Structures are given as C-alpha cells and as structure tokens.
**Student:** 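Input: one structure, supplied below.
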Amino acid sequence: MGVGREVPISLDGVRDKNLMQLKKLNTALFPVRYNEKYYADVLASGEFTKLAYYSDICVGSIACRLEKKEHGSVRVYIMTLGVLAPYRGLGIGGRLLNHVLDLCSKQNITEIYLHVQTNNDDAINFYKKFGFEITETIQNYYANITPPDCYVLTRLITQTQTKK
C-alpha cells in the first residue's frame with residue numbers, strides 16, 4: 001500500500017454499552033450539546049453511525065440519520081463527524097465518511113447532506129474533497145454559538161461514484 005505507515009484504525013458500531021464514548025467525544029469535539037433525540041437517532045441508524053478507534057483508543061465518530069423523502073426515497077443526514085485534534089490528518093475522518101458513502105451506494109441512497117458553521121473552513125474543505133458542494137446558507141441556524149449561520153453541504157451519489 002503506497003508510501004507511509006499503516007495506521008491501525010478500526011470502526012465499531014454504536015450500541016448502548018458504548019454510547020457513553022460517543023457522548024464524551026461529542027463533548028470534546030463540538031460547541032453544542034446533543035439531546036436524547038440525537039442519541040436515539042444514533043442508536044436507530046445502525047451501520048450509518050460508527051466510532052473510530054486508533055490503536056484501541058476511541059478518537060472519532062460519524063453519526064447519521066436516515067430521512068424519508070416524498071416519493072419514498074431516502075437521504076442521509078450527517079448529524080456529526082469529528083476526530084479528536086491530535087488524530088486529525090491520519091485519514092480517520094475520511095475512513096468514517098467513506099464508510100457511509102459506500103453504504104449509500106450499496107443501498108441506492110442518492111443524497112447525503114449536512115450543516116457546517118460558515119467559519120469552519122477545515123470542515124468545508126474536508127467535505128469538498130469528497131464531492132460535497134455548498135447548496136444553501138441558513139442564517140441564525142445555531143442558537144448559542146458565533147457565527148450562528150451555517151452552510152448546507154450536499155453530495156448527490158451516483159452508483160458509479162463510490163464503486164471501487
């Protein structure tokens with residue numbers, strides 16, 4: 001496999017027994033507190049929510065929600081995706097996102113989207129590398145953080161884009 005070292009990254013599903021790890025990660029990573037509905041959605045999303053481990057240390061996560069659209073189709077909303085600062089740049093976030101993109105492709109889900117604070121250039125650039133585009137700006141989306149505005153980033157998935 002290319003140059004560089006092989007990083008020992010593993011992914012694990014979120015269950016009742018490890019939900020506290022996700023809660024602690026979210027507290028460290030995000031400027032907002034998540035309510036019980038968020039965690040109920042996490043547990044209901046199955047394979048679309050994962051914890052990432054680096055050498056058996058929980059360092060990141062992705063949490064998604066499946067949403068039904070009008071004509072019976074489904075889209076995926078990325079509620080959270082984050083990696084602890086010392087572990088960024090190791091491909092962990094990309095591994096988490098690619099896991100979800102692969103699931104979308106296998107399940108014929110054609111749309112995935114998320115909200116990102118307008119000043120979060122690192123996140124915006126990260127998602128753009130994976131084919132996401134800014135499709136909307138929402139004023140005053142966040143209640144208690146500055147700036148309160150967000151972008152909606154969307155990626156349409158064709159079945160050929162995520163095939164290996």
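As the structure is a computational prediction, the values presented were derived from the model and not from experiment.
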**Student:** Pair Val14, Leu51 - check side-chain contact (heavy atoms from CB on, under 4.5 Å), show working.
**Tutor:** CA-CA 7 Å; Val14 177; Leu51 294 171; 3.8 Å; yes
**Student:** Tell me whether Asp56 at atom CG has more than 12 heavy atoms from other residues, nucleotides or ligands lying less than 6.0 Å away.
**Tutor:**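 12 or below, so no.
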**Student:** Checking Thr49 now: which residues fulfil side-chain hydrogen bond (donor to acceptor under 3.5 Å, both in side chains) with it, not counting sequence neighbours?
**Tutor:**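 For Thr49 the side-chain hydrogen bond (donor to acceptor under 3.5 Å, both in side chains) partners, ignoring immediate neighbours, are Ser45.
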**Student:** Indicate yes or no: at least one non-hydrogen side-chain atom of Ile112 is less than 4.5 angstrom from one of Val100.
**Tutor:** yes
**Student:** Looking only at atom types and distance, does a side-chain atom of Asn120 sit under 3.5 Å from a main-chain N or O of Val116, one as donor and one as acceptor?
**Tutor:** no
**Student:** Side-chain donor-acceptor contacts of residues 129-140 below 3.5 Å, not counting sequence neighbours, with atom names and distances?
**Tutor:**
{"residue": "Thr135", "atom": "OG1", "partner": "Val152", "partner atom": "O", "Å": "3.2"}
{"residue": "Thr135", "atom": "OG1", "partner": "Thr154", "partner atom": "OG1", "Å": "3.0"}

**Student:** With a 4.5 Å cut-off on side-chain heavy atoms, are Leu66 and Ile109 touching?
**Tutor:** yes
**Student:** Sequence neighbours excluded, which residues qualify as side-chain hydrogen bond (donor to acceptor under 3.5 Å, both in side chains) partners of Lys37?
**Tutor:** Asp41
**Student:** Mind checking what makes side-chain hydrogen bond (donor to acceptor under 3.5 Å, both in side chains) contact with Tyr151, not counting sequence neighbours?
**Tutor:** none
**Student:** Check whether any side-chain heavy atom of Lys50 sits under 4.5 Å from a side-chain heavy atom of Asp12, and report yes or no.
**Tutor:** no
**Student:** Could you check whether any side-chain heavy atom of Pro148 comes within less than 4.5 Å of a side-chain heavy atom of Tyr141, counting everything from C-beta outward?
**Tutor:**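 No. Closest side-chain heavy atoms not under 4.5 Å.
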**Student:** Walk me through whether Cys64 and Ile62 qualify under side-chain contact (heavy atoms from CB on, under 4.5 Å).
**Tutor:** CA-CA 7 Å; Cys64 301; Ile62 189 167; 4.0 Å; yes
**Student:** Throw together a table of side-chain donor-acceptor distances under 3.5 angstrom for residues 69-87, partners on residues two or more places apart or in other chains.
**Tutor:**
{"residue": "Lys69", "atom": "NZ", "partner": "Glu111", "partner atom": "OE1", "Å": "2.9"}
{"residue": "Arg75", "atom": "NE", "partner": "Glu67", "partner atom": "OE1", "Å": "3.1"}
{"residue": "Arg75", "atom": "NH1", "partner": "Glu111", "partner atom": "OE2", "Å": "3.4"}
{"residue": "Arg75", "atom": "NH2", "partner": "Glu67", "partner atom": "OE1", "Å": "3.4"}
{"residue": "Arg75", "atom": "NH2", "partner": "Tyr113", "partner atom": "OH", "Å": "3.3"}
{"residue": "Tyr77", "atom": "OH", "partner": "His115", "partner atom": "ND1", "Å": "2.7"}
{"residue": "Thr80", "atom": "OG1", "partner": "Tyr38", "partner atom": "OH", "Å": "2.7"}

**Student:** Is there side-chain contact between Leu103 and Ser105, with at least one heavy-atom pair below 4.5 Å?
**Tutor:** no
**Student:** Got a sec, which pairs hit salt bridge (charged side-chain N to carboxylate O under 4.0 Å, His left out) with one end in residues 138-153, sequence neighbours left out?
**Tutor:**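 Output for this query is empty, none listed.
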**Student:** Answer whether the closest heavy-atom distance between the side chains of Phe48 and Cys104 falls below 4.5 Å.
**Tutor:** yes
**Student:** Just how far is it from atom CZ of Arg95 to atom CD1 of Ile92, taken to the nearest 0.5 Å?
**Tutor:**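 That separation rounds to 9.5 Å.
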**Student:** Minimum heavy-atom separation for Glu47 and His99, please, with both atom names.
**Tutor:** O-NE2, 2.9 Å
**Student:** What I'd like to find out is whether the side chain of Val42 reaches to under 4.5 Å of the side chain of Tyr34, using heavy atoms alone.
**Tutor:** no
**Student:** Looking only at heavy atoms, what is the nearest atom pair of Asn26 and Ser61, with distance?
**Tutor:**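 Between these two residues, the closest heavy atoms are OD1-OG, 4.2 Å.
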**Student:** Kindly list each side-chain donor-acceptor pair under 3.5 angstrom involving residues 18-25, sequence neighbours excluded, with atom names and distances?
**Tutor:**
{"residue": "Asn18", "atom": "OD1", "partner": "Arg15", "partner atom": "N", "Å": "2.7"}
{"residue": "Asn18", "atom": "ND2", "partner": "Gly13", "partner atom": "O", "Å": "3.0"}
{"residue": "Gln21", "atom": "OE1", "partner": "Tyr53", "partner atom": "OH", "Å": "2.8"}

